[in-house]
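Only one structure is covered here, and it is reproduced in the block below.
Just follow the structure's listing: the first ligand is 1, and inside any ligand the first atom is 1. Just so you know, these numbers use all the heavy atoms, side chains as well, and skip hydrogens, waters and symmetry mates. Starting from 1, each residue takes its place in the sequence as its number.
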Amino acid sequence: MNYKRLTNFYDVLPILPDKPEDSWKQSVKWRAVEETFRETCRRFGYREIRTPMLEETALFTRSVGEATDIVSKEMYSFLDKGEHAVTLKPEGTAPVVRACIENGLFATNPVLKLYYQSQHFRYEHGQKGRYRQHQQLGAEVFGSADPAIDAEVILLAMEFYRQVGITEQTLKVNSLGISESRAIYREKLKEFVRPFLGKMSKEAQNRFEINPLRLLDTKDENEIELLADAPKLLDSVDAESRAHFDTLLSYLDTAGVPYVIDHRLVRGFDYYTRTTFEIVSDNLGAQNALGGGGRYDQLVEQCGGLPLPGIGFGLGTERLLLVLDALGIMPELADERPTAFVVTLGNAAVTRPAAVKILQELRQAGIASDMDYRPGSKFGAQAKRADDLGARYLVILGEDEIAKGTAGLRNQATKEQKEIALTELTQTLLSL
Ligand code: HAM
């Protein structure tokens with residue numbers, strides 16, 4: 001039986017995959033960007049939160065919204081063995097809100113700044129940059145409606161991209177206003193669209209009925225043209241939201257971060273209020289969003305907490321790595337080669353236990369070290385294994401050396417070899 005990965009899933013591998021277009025699947029690249037994200041979050045004062053993969057289904061249907069694509073078409077939902085309706089998390093914000101309420105986190109900080117790195121599951125249909133399991137690097141802030149925090153959240157995302165070497169991305173911003181102003185806009189938009197609704201796709205006609213704002217989110221050229229003169233959301237938002245948005249823009253100007261106002265940026269979640277933003281790249285094809293986010297001032301209350309404003313983002317790791325590959329940018333990769341490789345010569349009953357002991361000492365001292373675990377492997381084969389792994393030093397253990405309490409230490413680059421007392425091996429390797 002040959003088992004295969006499920007459609008639209010992928011493996012992250014310790015080797016460089018054969019196909020160049022798969023090079024983003026190398027695990028060391030993942031760790032590089034994840035570590036950069038952690039470090040950027042640390043600098044901005046964000047602390048890590050982790051939530052479970054499974055949540056009650058109702059958490060998502062209520063917060064993300066029944067009419068959204070995610071809830072209506074894409075969730076991995078099932079009844080568990082206790083007949084509870086559960087869902088693999090399709091996004092990270094609602095679980096974070098649930099966790100903060102349940103663990104009393106909001107009481108610990110007037111402004112709570114959190115980050116996460118998490119897997120999400122959506123039953124997507126195969127396109128480049130769309131997977132059924134994807135990872136987001138996310139941040140959420142609770143307790144402040146100040147536009148300065150909207151700016152900070154955006155600047156955190158932009159600084160992270162700058163740190164990994166991406167600078168050509170476009171920041172798109174918009175404001176959705178509050179639910180009352182959005183209701184007014186929804187009617188204006190429907191009125192505008194009604195005369196040519198028949199010329200639009202089935203999907204658009206469906207959106208017209210259940211989620212008209214999402215009409216603006218179309219990727220269909222014909223529909224984009226039909227909507228070119230549609231009323232603008234920003235012209236309908238309430239005065240307070242408009243002032244909030246203008247202040248945010250002034251902060252972005254102050255920080256020297258360029259942006260474009262995108263009147264069609266509505267995002268696919270019901271929980272957003274006011275600020276929405278997306279960071280897009282020309283190097284991604286149709287699925288061009290590297291990341292996105294926005295403000296959600298009603299979500300905490302909706303999930304059973306006290307009224308508390310919030311804002312955050314999720315940045316797709318796969319898409320980021322795809323862009324890095326497209327631009328030929330190599331993140332700074334961790335060195336995965338062993339410093340020392342222990343090879344044994346002669347009677348295995350003597351040399352192998354000595355090798356196990358030396359490896360233990362070296363590793364406890366923080367020296368990356370390894371040996372050849374193929375039983376009966378000849379010296380040459382062991383040395384080749386060391387070369388294949390890129391080891392910098394060979395530690396050669398023969399019976400005679402062990403009897404004298406020494407080992408051979410060979411520099412693999414210069415091939416110079418010297419004899420060294422076993423008691424000095426760790427210190428010597430640490431000092432090299
Ligand atoms: P989202 O826009 O659905 O937002 O996802 C954020 C990012 O995750 C996207 O811009 C994209 O880079 C990546 N992404 C989403 N779906 C996929 C997929 N199927 N395959 C690969 N990458 C994908 C959210 O999920 C919100 N929770 C973000 C947020 C946090 N808003 C406020 N706080």
Using a 4.0 Å heavy-atom cut-off, which part of Leu290 comes near ligand 1: side chain, backbone, both, or neither? backbone
Using distance only, find each side-chain donor-acceptor pair of residues 227-234 under 3.5 Å and give its atom names and separation, not counting sequence neighbours.
none

May I ask you to say whether Asp370 pairs ionically with Arg363, meaning some side-chain N is under 4.0 Å from a carboxylate O? yes
Is Asp69 salt-bridged to Arg214, going by a charged N under 4.0 Å from an acidic O? yes
Atom indices of ligand 1, in the order listed, that fall short of 4.0 Å to a heavy atom of [X]:
X	answer
Glu91	25 (O), 26 (C), 27 (N)
Glu140	30 (C), 32 (C), 33 (N)
Tyr272	26 (C), 28 (C), 29 (C), 31 (N), 32 (C)
Gly293	31 (N)

Taking all heavy atoms of Glu278 and all of Arg267, pick out the closest pair and write down the distance. OE2-NH1, 2.8 Å
Testing the basics here: between Leu112 and Thr108, what is the closest heavy-atom pair and its distance to 0.1 Å? CD1-OG1, 4.1 Å
Any [X] side-chain heavy atom under 4.5 Å of [Y] side chain:
X	Y	value
Ser175	His244	no
Arg47	Cys41	no
Leu322	Asn283	no

Hey, does [X] come in under 3.5 Å of ligand 1, counting only N/O atoms on both sides?
X	result
Gly314	no
Thr93	yes
Tyr296	no
Ala289	yes
Glu124	yes

Closest protein heavy atom (residue, atom, distance) for [atom]:
atom	answer
atom 5 (O) of ligand 1	Gln136 NE2, 3.3 Å
atom 13 (C) of ligand 1	Gly316 CA, 3.7 Å
atom 10 (O) of ligand 1	Gly291 CA, 3.2 Å
atom 24 (C) of ligand 1	Phe269 CZ, 3.4 Å
atom 15 (C) of ligand 1	His134 NE2, 3.4 Å

Is the shortest distance from a heavy atom of Arg267 to ligand 1 less than 4.0 Å? yes
Examine ligand 1 and decide if any of its atoms is less than 4.0 Å from a heavy atom belonging to Gly129. yes
Lys/Arg cation over aromatic Tyr123: Arg132, 6.0 Å, 45° cone: yes
All side-chain hydrogen bond (donor to acceptor under 3.5 Å, both in side chains) counterparts of Gln302, not counting sequence neighbours: none
Take atom CD of Glu21 as the centre, draw a 6.0 Å sphere, and report whether it contains more than 12 heavy atoms from other residues, nucleotides or ligands. yes
Just say parallel, tilted or perpendicular for the rings of Phe121 and Phe9, cut-offs at 30° and 60°. tilted
Closest to atom 26 (C) of ligand 1 (judged by heavy-atom distance), picking from Phe121, Tyr271, Phe313, Tyr131: Tyr271
Please work out which of His120, Arg122, Lys89 has its closest non-hydrogen atom nearest to atom 25 (O) of ligand 1. Arg122
